[in-house]
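Some notes on the structure that comes next.
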Amino acid sequence: MNTNAALLRALKGPPVSIVLALLLHPGRSLGAGKLSQLTGYSDKSITHGLETLTELGLAQNHGRYNGWKLTAHCTQLILPASAEAENVRLEPETLRLPAGSSSTDPD
C-alpha cells in the first residue's frame, strides 16, 4: 500500500482533529485535557489519537511544558515548502473578525 494512502487512512477522527487543533494554536504546547476540550473527543480518544500521531512521527510530547506539538515532518506534509504554501499564514492576525457595532473605533 502507498505510504500516503496509509497515512490518510490513519488520520481520521481524533488524530486529524488533534492535528487541526495544534495547527490552530501554533507555538503552543497543548495538553491532552486542552485537546479534549478543543476537539470534543474524550480523554481516552485523545490519548489514542496522540499515540497514533506519535507512531506516525507527526506529534511529540514536550514533557517540560506538559503538552504536545506537531513535528516538523507533520507541518511539511500539511504545508509543503512551495511557492504557494509560503503565502499561507496561520497567525492570529489573519483570523481577526471585522469589528462589530459594539466595539469602539480608535480613530
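Quick caveat, the model's predicted, so the values are computed rather than measured.
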Starting at [atom1] of [X], measure out to [atom2] of [Y] and round the result to the nearest 0.5 Å.
X     : Y     : atom1 : atom2 : result
Lys12 : Thr52 : NZ    : OG1   : 10.5 Å
Ser29 : Lys34 : OG    : NZ    : 13.5 Å
Ser36 : Ile46 : OG    : CD1   : 5.5 Å
Leu50 : Asn61 : CG    : CG    : 8.0 Å

Inset, instruction - Please check if Val16 and Leu30 belong to a single hydrophobic cluster, counting links between Ile, Leu, Val, Met, Phe, Trp and Tyr side chain heavy atoms closer than 4.5 Å. - result: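 Unlinked, Val16 and Leu30 end up in two clusters.
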Inset, instruction - Could I get the full list of side chain to side chain donor-acceptor pair (under 3.5 Å) partners for Thr39, not counting sequence neighbours? - result: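 For Thr39 there are no side chain to side chain donor-acceptor pair (under 3.5 Å) partners, ignoring immediate neighbours.
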Legend entry - Check: Pro14 and Tyr41 side chains under 4.5 Å, non-hydrogen atoms: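 A side-chain contact under 4.5 Å exists here.
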Inset, instruction - Quick one: list whatever passes side chain to side chain contact (heavy atoms under 4.5 Å, CB included) with Thr54, sequence neighbours left out. - result: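 Expected list: Trp68.
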Legend entry - Nearest heavy-atom neighbours spanning Pro15 and Gly49: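 Heavy-atom minimum between the residues: CG-CA, 3.9 Å.
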Residues 17-26 side chain polar contacts: donor-acceptor under 3.5 Å, at least two apart:
from, atom 1, to, atom 2, distance (Å)
Ser17, OG, Gly13, O, 3.4
His25, ND1, Ala21, O, 2.9

